*Asks:* 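Sharing a structure below in structure tokens format, with a few things to ask.
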Number of protein chains: 2
Amino acid sequence: MALTREQVVDAAVGVLAGFGLADLSMRRLARELDVQVGALYWHVKNKQELLVDVAARLLGGIEHLPDAAATPREAVTSLATAIRAALAPVPDSAEVVQLAQTMQPAALEPLTWLRELLEEAGVAPQRSAWARHLLLNHILGSVAAQQDRSRLEAVGGTGGPDLGTDAFAWGVETILDGLGI
Amino acid sequence: MALTREQVVDAAVGVLAGFGLADLSMRRLARELDVQVGALYWHVKNKQELLVDVAARLLGGIEHLPDAAATPREAVTSLATAIRAALAPVPDSAEVVQLAQTMQPAALEPLTWLRELLEEAGVAPQRSAWARHLLLNHILGSVAAQQDRSRLEAVGGTGGPDLGTDAFAWGVETILDGLGI
DNA sequence: ACCTGAACACCGTTCAAGT
DNA sequence: ACCTGAACACCGTTCAAGT
């Protein structure tokens, strides 16, 4: 049975989740899939394009319209939290999303919803693109900072109660306060 | 005359400013300095340590206490703007600073001043570390976004009036508003 | 003290040739 | 259509040996 692009992305997500971006090489992927390196280039144009698919997969499980009952502001908070939760367990996920966002912004749907929700919550259309960036920088920065910390703890981790969550939630509230919504 | 660590850092900053992080390899540096690669490793422990020095150099020209006459809030804005101005012309500088910040936070003095100024402006000491991160993520995110845009324009650039500046200033004000200072 | 030469163990990408 | 084999042009790091 022939290799599929799906399988290549699966393997890439697996290596990223298990070992981080430094170990995610095309050659490692080929080994994992029992093919030669060149075979991968029939299914993906290059590594960057593959990473866009990886980012999309990481964010793929996020649902739109989480709570019809919530206030518009709570809807923003809820989506931001869902994005963070999806990225937090995967090492270097913030870097991968940032890259994908730069190369193909439209490929990461949940990140575009952020702008819509901000407008529904009262942010002016002229400001919503900037506001989305502000929020996204906070989300990705929080994820990266938390993962850097856990890298230092290494295996002898303290197993603490996820201190990053408080800082993250506070940051979201601070931004929304600043937006006056 | 023997090679110095200073010269290695100089060369690294030069390659980064001129060609970006992708071209900043130890081998390229050795070529530029007319030595063998191994020679570099007598002056720096590894590439990461060198990049910390590069980041420190990029931020090294920033002065503390810019305006004694300014309000505390203006002092924060002024420092944030100075940091952005120092990084904006150097490709991939945000990535390099983020790496350095992770590896040796104390090595980047101007970034530590940000916290002090925020406290002087009225941010509670328990919140000032989080607030600094929020602001820093905005600064670095703005720099990266602007450089990504100018990468797409490439050589045939429109030469527009630096649209990123407005978004940056607005973001700083929004964060400070959210902090209630 | 400072550097060379050479090696080790990797990379991403391409492409003729096979099936 | 899909993959192999092999090459091209690179990496970061180490280290005996030279001066």
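Just so it is clear, the structure is predicted and the values come from calculations on it, not from any experiment. Protein chains get the first letters and strands the later ones, always in sequence-line order, with residue 1 at the start of each.
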*Asks:* What is the separation between atom CZ on R28(A) and atom C1' on dC11(C), rounded to the nearest whole Å?
*Replies:* 14 Å
*Asks:* From CZ of R27(A) over to P of dT14(C), roughly how many Å is that when rounded to an integer?
*Replies:* 13 Å
*Asks:* Between atom CG of L21(B) and atom CG of L24(B), what is the distance when rounded to the nearest 0.5 Å?
*Replies:* 6.0 Å
*Asks:* Whole Å only: how far is the CG atom of N46(A) from the P atom of dT14(C)?
*Replies:* 8 Å
*Asks:* Rounding to an integer number of Å, can you tell me how far R31(B) CZ sits from dT4(C) P?
*Replies:* 15 Å
*Asks:* In dot-bracket, 5' to 3', how would DNA chain C read with Watson-Crick or G-U wobble pairs under 3.5 Å, [ ] for crossing ones and | for pairs to another strand?
*Replies:* ||.|||||...|||||.||
*Asks:* Which nucleotide wins on minimum distance to the side chain of M26(A), given the candidates dT13(D), dT13(C), dC2(C)?
*Replies:* dT13(C)
*Asks:* Whether E32(B) and R27(B) form a salt bridge (side-chain N of Lys/Arg under 4.0 Å from carboxylate O of Asp/Glu) is what I want to check.
*Replies:* no
*Asks:* Using a distance-only test with no angle check, is there a side-chain donor-acceptor pair under 3.5 angstrom linking T165(B) and R84(B)?
*Replies:* yes
*Asks:* Is a donor from one side chain sitting under 3.5 angstrom from an acceptor on the other, for T112(B) and R132(B)?
*Replies:* no
*Asks:* Looking across every strand, which nucleic acid part, if any, lies under 4.0 Å from A2(A) by heavy atom: base, sugar-phosphate, or nothing?
*Replies:* sugar-phosphate
*Asks:* Starting the side chain at C-beta, find the nucleotide from dT13(C), dT13(D), dT4(D) nearest to Q36(A).
*Replies:* dT4(D)
*Asks:* In this structure, how many angstroms lie between the P atom of dC2(C) and the CD atom of Q7(B), rounded?
*Replies:* 12 Å
*Asks:* Looking at H43(B), does any N or O in its side chain come under 4.0 Å of the phosphate oxygens OP1/OP2 on dC3(C)?
*Replies:* yes
*Asks:* Which comes earlier along DNA chain C counting from the 5' end, the contact point of A39(A) or that of L24(A), where each point is its nearest nucleotide?
*Replies:* L24(A)
*Asks:* Given dT13(D), is OP1 or OP2 found less than 4.0 Å from the side-chain N or O atoms of Y41(B)?
*Replies:* yes
*Asks:* Would you mind checking if R5(A) and D10(A) are paired as a salt bridge, meaning a charged N to carboxylate O distance below 4.0 Å?
*Replies:* no
*Asks:* Pairs of donor and acceptor atoms involving the side chains of residues 98-111 of chain B, under 3.5 Å and at least two apart or interchain, shall be tabulated with distances.
*Replies:*
{"from": "T102(B)", "atom 1": "OG1", "to": "D148(A)", "atom 2": "OD2", "distance (Å)": "2.9"}
{"from": "T102(B)", "atom 1": "OG1", "to": "Q98(B)", "atom 2": "O", "distance (Å)": "3.0"}

*Asks:* Starting from the 5' end of DNA chain D, give me the residue, V37(A) or W42(A), whose nearest nucleotide shows up first.
*Replies:* W42(A)
